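We count residues from 1, following the sequence as given. What you see is a predicted model; the values in this text were computed from it and never measured. The figures here come from the full heavy-atom set of this structure, side chains too, leaving out hydrogens, waters and symmetry mates.
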Amino acid sequence: MRPRIAPSILSADFSRLGEEIREVEAGGADLIHLDIMDGHFVPNLTFGPPVVRWLARHTALPLDAHLMVTEPDALVPGLVEAGVVRIAIHAETCPHLQRSLAGIRDRGASPGLALNPATPLVFAEEAAPWIDFVLVMSVNPGFGGQRFIAGSLPRIERLHRSLGSQGVEIAVDGGITPRTAPGLAAAGVTTFIAGSAVFAAPDRARAIQEIREAALQGGRT
């Protein structure tokens with residue numbers, strides 16, 4: 001699969017968010033990544049379905065949401081209605097994980113499982129029949145601009161060995177740069193979620209291109 005780049009708007013300028021989204025879309029982004037936080041599961045608070053509904057008017061790109069919230073089931077209907085097509089949830093927040101994942105698919109979105117750096121991989125392995133992708137957090141979620149946790153790489157390699165044959169895609173979020181992308185691509189990552197590496201760059205199109213080219217290089221090794 002061609003490496004997909006998903007700029008995370010957590011690192012965007014919220015005073016001109018529509019312009020920021022249109023700029024990365026013109027620059028070659030494949031998805032727009034939405035970090036949805038409730039201030040409980042993670043120590044930060046962002047936005048919900050009403051803002052997402054507004055954002056959807058400013059892009060033709062698919063919207064990809066990561067729910068860092070204690071009650072994800074309550075948000076899924078509004079997010080799908082707002083235009084989100086991919087939703088990742090955390091096993092730690094879902095006492096009935098299979099039902100939550102099936103509920104995302106039943107509403108027409110693609111279900112994914114997000115794994116924090118210390119979350120056992122067995123959650124994803126057991127959930128494989130009900131997910132389309134795993135979102136591996138290579139930082140502890142909550143804030144942008146964090147440094148990549150090196151121990152994420154062997155975790156991704158193991159996931160790819162166990163889930164790749166089942167058609168489960170691997171996405172990664174945290175510390176994504178042209179320097180980290182080659183090793184991640186070689187380990188099996190196909191979707192790269194980048195926040196500050198894109199939005200802090202003066203040339204967003206070039207930043208997206210550099211991450212993609214680095215991932216392509218790693219994927220050929």
Side-chain angles (χ1 to χ4, degrees), residues 3-11 31 33-46 64-72 75 86-95 97 100-101 104 110-128 130-164 166 168-200 211 214-215 218:
R4 297 193 297 179
I5 312 301
S8 169
I9 65 169
L10 185 64
S11 298
L31 305 162
H33 185 73
L34 311 174
D35 290 299
I36 297 178
M37 310 178 190
D38 64 359
H40 297 282
F41 184 65
V42 293
N44 199 358
L45 181 66
T46 55
D64 172 48
H66 176 196
L67 305 193
M68 291 165 273
V69 301
T70 56
E71 297 184 11
L75 288 178
R86 285 165 51 99
I87 299 177
I89 59 177
H90 286 263
E92 294 91 340
T93 68
C94 298
L97 182 58
S100 295
L101 293 167
I104 293 171
S110 180
L113 187 67
L115 301 177
N116 284 338
T119 301
L121 301 184
V122 67
F123 282 105
E125 294 164 350
E126 292 292 335
W130 307 296
I131 59 177
D132 292 334
F133 66 100
V134 178
L135 172 55
V136 178
M137 295 303 300
S138 46
V139 298
N140 286 292
F143 297 94
Q146 298 184 64
R147 182 175 297 180
F148 180 83
I149 296 175
S152 305
L153 200 56
R155 284 166 56 81
I156 292 167
E157 291 170 343
R158 175 181 161 186
L159 275 176
H160 184 59
R161 287 194 300 269
S162 62
L163 301 182
Q166 301 180 58
V168 177
E169 178 209 345
I170 299 177
V172 67
D173 184 358
I176 302 304
T177 67
R179 186 173 182 177
T180 57
L184 291 168
V189 173
T190 53
T191 297
F192 299 79
I193 298 163
S196 56
V198 172
F199 284 108
I211 296 171

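- Annotation: side chain of C94 is in contact with side chain of I89 (closest heavy-atom distance under 4.5 Å).
- No side-chain heavy atom of D35 sits under 4.5 Å from any side-chain heavy atom of I9.
- Closest approach of I211 and P178 over heavy atoms only: CG1-CD, 4.0 Å.
- With I156 as the fixed residue, the side chain to side chain contact (heavy atoms under 4.5 Å, CB included) test singles out one of V136, L121, L115: V136.
- Contact annotation: the side chain of V69 never approaches that of H40 to less than 4.5 Å [non-hydrogen atoms, C-beta and beyond].
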Exercise for the section: Could you give me the CA-CA distance, side-chain angles and deciding distance for M37 and L10, then say whether side-chain contact (heavy atoms from CB on, under 4.5 Å) is met? Expected result: CA-CA 10 Å; M37 310 178 190; L10 185 64; 3.6 Å; yes
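- In this structure, N116 contributes its side chain and A118 its backbone to no donor-acceptor pair below 3.5 Å.
- Residue L153 comes nearest to G183 through the heavy atom pair CD1-O, 3.5 Å, listed as atom of the first residue, atom of the second, then distance.
- Rounding to the nearest 0.5 angstrom, the gap separating the OG1 atom in T70 from the CG atom in L75 is 9.0 Å.
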Practice task
Step by step, work out the side chain to side chain donor-acceptor pair (under 3.5 Å) result for D173 and S8.
Solution key: CA-CA 9 Å; D173 184 358; S8 169; 5.5 Å; no
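- Using a 4.0 Å cut-off between a side-chain N of Lys or Arg and a carboxylate O of Asp or Glu, R161 and E125 do not qualify as a salt bridge.
- Rounded to the nearest 0.5 angstrom, L184 CG and E157 CD are separated by 9.5 Å.
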Problem - Candidate pair I131 and V168, rule side-chain contact (heavy atoms from CB on, under 4.5 Å), full reasoning - result: CA-CA 7 Å; I131 59 177; V168 177; 4.1 Å; yes
Handout entry: Intermediate values then yes/no, side-chain contact (heavy atoms from CB on, under 4.5 Å), L135 and T191
Key = CA-CA 9 Å; L135 172 55; T191 297; over 6 Å; no
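- Counting heavy atoms from C-beta on, the side chains of R86 and L31 come closer than 4.5 Å.
- Residue L159 comes nearest to A124 through the heavy atom pair CD2-CB, 3.9 Å, listed as atom of the first residue, atom of the second, then distance.
- Residues passing the salt bridge (charged side-chain N to carboxylate O under 4.0 Å, His left out) test with R155: none are found, sequence neighbours excluded.
- Nearest heavy-atom pair, A185 versus G218, reported as atom, atom and distance to 0.1 Å: CB-C, 4.1 Å.
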Handout entry: Residues I36, M68; criterion side-chain contact (heavy atoms from CB on, under 4.5 Å); working and verdict
Key = CA-CA 6 Å; I36 297 178; M68 291 165 273; over 6 Å; no
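- The shortest heavy-atom contact between S11 and F199 is O-CB, 3.3 Å.
- Judged by a 6.0 Å distance limit and a 45° cone about the ring axis, R4 is not positioned over the six-membered ring of F192.
- Between the OG1 atom in T46 and the NE2 atom in H66 there is a gap of 10.5 Å [rounded to 0.5 Å].
- Rounded to the nearest 0.5 angstrom, R147 CZ and T180 OG1 are separated by 12.5 Å.
- Contact of the N140 side chain with the I149 side chain is registered, since non-hydrogen atoms from C-beta on lie closer than 4.5 Å.
- Inter-residue side-chain proximity for E169 and L163 is flagged as unmet; no heavy-atom pair is nearer than 4.5 Å.
- Scanning all heavy atoms of the two residues, the minimum distance from H160 to A187 falls at CB-O, 3.2 Å.
- The distance from the OG atom of S110 to the CD1 atom of I87 is 9.0 Å, given to the nearest 0.5 Å.
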Exercise for the section: I would like to know whether E71 and T93 meet side chain to side chain donor-acceptor pair (under 3.5 Å); could you show each step before the answer? Expected result: CA-CA 7 Å; E71 297 184 11; T93 68; over 6 Å; no
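- Contact of the P117 side chain with the S138 side chain is not registered, since no non-hydrogen atoms from C-beta on lie closer than 4.5 Å.
- Interatomic distance, CD of E92 versus CZ of F41, reported as 5.0 Å (0.5 Å rounding).
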